[in-house]
Amino acid sequence: MEAWTRVPEVATPRLMGAVFGVFYALGGVAGLCVVQAAGGAAAGGVLTTLALICLGAVVAGLATVALRDRLTTRTLHAVVASGTATITTGVLLAPDATSALLFAALLTFIAVDCAVFFSTAAGLVHFGTSVVAGTAALSARGDLDGWEAAALGVVLAGVAGVVAVVAKRASSASRDSLTGLPNRRGLDAALERSVRTAERTGEPLSVALLDLDGFKAVNDASGHAAGDELLRTTAATWRAALPEEAVLARLGGDEFAVVLPGGSSGALVELLAPLVGDRRAPASAGVAETRWLEGPADVLRRADMALYEVKRSGRGRCAVAGEDAATEGEAALVEDLARALRAGGLEVHYQPLYDAAPAGAAGVPRAVEALVRWHHPQHGPVSPTVFVPLAESRGLVTELGALVLERACRELMSLPPELRSDLRLSVNVSGLELVRPGYLRGVSDVLERTGWPVSRLVLEVTESVVEADAPQALATLREARALGLLISVDDFGTGYSALSRLDEVPATYLKLDCSFTATVHTSPQRARLVRAVTALSRTLDLAVVAEGVESAEQAQVLVELGCTLLQGYHLGRPEPLEALARRLVAGTAAPATAPRQGDPATAGSPVEAADV
Ligand code: C2E
Ligand code: MG
Ligand code: MG
């Protein structure tokens, strides 16, 4: 039944108005040619009437084109019906048999309209009416007998049938076969159209990206058939709940998109709230409203970021991109940060990571973590825990990440080769950078420009990125690993991700959050937990890094519990390049048990590197 009543995607009033109008006007012009050719052969009065009808058709056609933005589906049905009536009148008034046939030939236009723009049912009604009316008029004149009328009907049906099949084939390329919804290609086309209309009319346009929560669990637990069924029923439920003018598309997997022409982000959130809250298929949604002169890719990217934020902070709800208005102080800080970024006014400090194994305690850092530093002209040093989240929510984090990566690679390459030949560089990467197209190309470009080897660059992503189950972020990480980069999962233990989730991330390092380190030597329960994590990590081929190591006692316990690398104030604070260079020189020269030079945390303290 649905196949009979489904209106083709191309059937937008705007396009239909343009095509119908052009056909109408061309029909009028063709009719005027026929009248002109028939010249002296007919009575002047009839010819004048015909000429006026044709002229009227030209004017009506041009008006339909001009008014195409205001047409409704109902008016378009009326346009086609009046086309049939006009052609039939032309046939009846035609001065001779040839002219009448030429008028009847205009029914081809009606046939094409029906084949391309209407549902099969409506198209058949219009087409049938036009063929019956046209051939009946010809027969009534005595110009055609029954067989000749049938021949004309066959020609027209042939044209309509072939055009309909070709049009359906062409449009199925933009349909998702599982749900029957438009696919990504269909969405792109619909969004492109809607953005253009919104620009012209000034009406709002909102877009949402939706992702089913826990879809993977359904697939894993109940099989792919159950997963497919869930997608189908969800698609049908959502489609029925959304207004007709909204476009619902399936982008792949459990990802959907909604385009709401003429609707604000608030209106779209209202529409989506009951859908994402449906306990049979809960979902998360990110909504964005187009801004002035913003293209389809930009608005989708903002919706994607909003979705990412929702998933990161608890799922099962809708969030609007960039909605939370900044306080005045925040806004000023963001402006200052943007200025500092443009001027390259941020610095990078390096914190060493040491091998935890006693044999590795030779005083040479195995790796360094690049940590961004901002010295505000008025406020002094601002913590990255303040400005990195601001950069994330205000669209500056890509620039920030690029600056840190480039500077760190360049600075480390400026060290003598013997000091850096085995050193790994870890950079913190925001999840928002990972979902941005072209992120890895940017990283490769930096590596090429600076000469830092790909195999010694570690991308550090927080556990929340893994937990968010953002397919694009995970895909970028897999691609990064395939390129030879290393991955580290930072702040592990702060979220709720099960260790088993880590098999989806091609990580080399797992960084235990500082909160574990802080109590590992005082809480036997914590110690047992860390031991379990290190044991499981070994089976997953993950090296466990303990961060936030502030004392020799903690370091010792962490080594015993199976951590592979240690990082923390006890071993070395984040420091500028010159201090790192001194540390590397001292480490290379020092015997295994020498205290670490240049380590402010241990300066003047009795703790020695051998404690590690
Ligand atoms: P993180 O990646 O977990 O970095 C470790 C943080 O712990 C750093 O804070 C470091 O200075 C601090 N730390 C290191 N050892 C100790 C210790 O023994 N005790 C204590 N209490 N803290 C220690 P920082 O530099 O303030 O950075 C905070 C967070 O900001 C980082 O956490 C990271 O998530 C983010 N961040 C820093 N630089 C960047 C960057 O370039 N890009 C991005 N996206 N995020 C960055
Ligand atoms: Mg880190
Ligand atoms: Mg960390």
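Nothing here was measured: the structure is a model prediction, and the numbers come from that model. No hydrogens, no waters, no symmetry mates; every other heavy atom, side chains included, goes into these values. Indexing begins at 1, ligand by ligand and atom by atom, following the structure's order.
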Before signing off on this row, confirm whether Q567 and ligand 1 have an N or O atom pair separated by under 3.5 Å.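 No, there is no polar N/O contact under 3.5 Å.
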Between D491 and ligand 1, is there a nitrogen or oxygen pair with a distance under 3.5 Å?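 Yes - when backbone and side-chain N and O of D491 are compared with those of ligand 1, one distance drops under 3.5 Å.
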Nearest to the Mg ion (ligand 3), which N, O or S atom of E547 do we find?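 The Mg ion (ligand 3) is closest to the E547 atom OE2, counting only N, O or S.
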Name of whichever N/O/S atom of D491 is nearest to the Mg ion (ligand 3):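 Distance check against the Mg ion (ligand 3) picks out OD1 in D491.
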Interfacing atoms of ligand 1 (cut-off 4.0 Å, heavy-atom, [X]):
| X | value |
| --- | --- |
| P574 | 11 (O) |
| V549 | 18 (O) |
| D490 | 1 (P), 2 (O), 3 (O) |
| V404 | 41 (O) |

Does some non-hydrogen atom of the protein lie less than 4.0 angstrom from atom 2 (O) of ligand 1?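 There is a protein heavy atom less than 4.0 Å from atom 2 (O) of ligand 1.
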Could you tell me whether atom 22 (N) of ligand 1 has at least one protein heavy atom nearer than 4.0 Å?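 Protein heavy atom within 4.0 Å of atom 22 (N) of ligand 1: present.
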What angle sits at the Mg ion (ligand 2) between OD2 of D490 and OE2 of E460, to 10°?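 That angle works out to 90° after rounding to 10°.
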Would you check whether [X] reaches within less than 4.0 Å of ligand 1, judged by its heavy atoms?
| X | answer |
| --- | --- |
| C514 | no |
| G548 | yes |
| R373 | yes |
| E369 | yes |

To check your reading of the model: name the closest protein heavy atom to [atom], its residue, and the distance in Å.
| atom | answer |
| --- | --- |
| atom 37 (C) of ligand 1 | L371 CD2, 3.7 Å |
| atom 27 (O) of ligand 1 | P384 CG, 3.5 Å |
| atom 20 (C) of ligand 1 | E550 OE2, 3.3 Å |
| atom 12 (C) of ligand 1 | Y569 OH, 4.1 Å |
| atom 44 (N) of ligand 1 | N428 O, 3.6 Å |
| atom 5 (C) of ligand 1 | E547 OE1, 4.0 Å |
| atom 29 (C) of ligand 1 | T385 CG2, 4.2 Å |
| atom 15 (N) of ligand 1 | Q351 NE2, 2.9 Å |

Pair R302 + D298: basic N to acidic O under 4.0 Å: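 A salt bridge is absent here (no side-chain N lies under 4.0 Å from a carboxylate O).
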Under 2.8 Å from the Mg ion (ligand 2), can any N, O or S atom of S488 be found?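 S488 does not place any N, O or S atom closer than 2.8 Å to the Mg ion (ligand 2).
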Tell me the contacting part of V427 for ligand 1: side chain, backbone, both, or neither, using a 4.0 Å heavy-atom threshold, strictly below.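 It is neither; nothing of V427 touches ligand 1.
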From D513, does some N, O or S atom reach closer than 2.8 Å to the Mg ion (ligand 3)?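 No.
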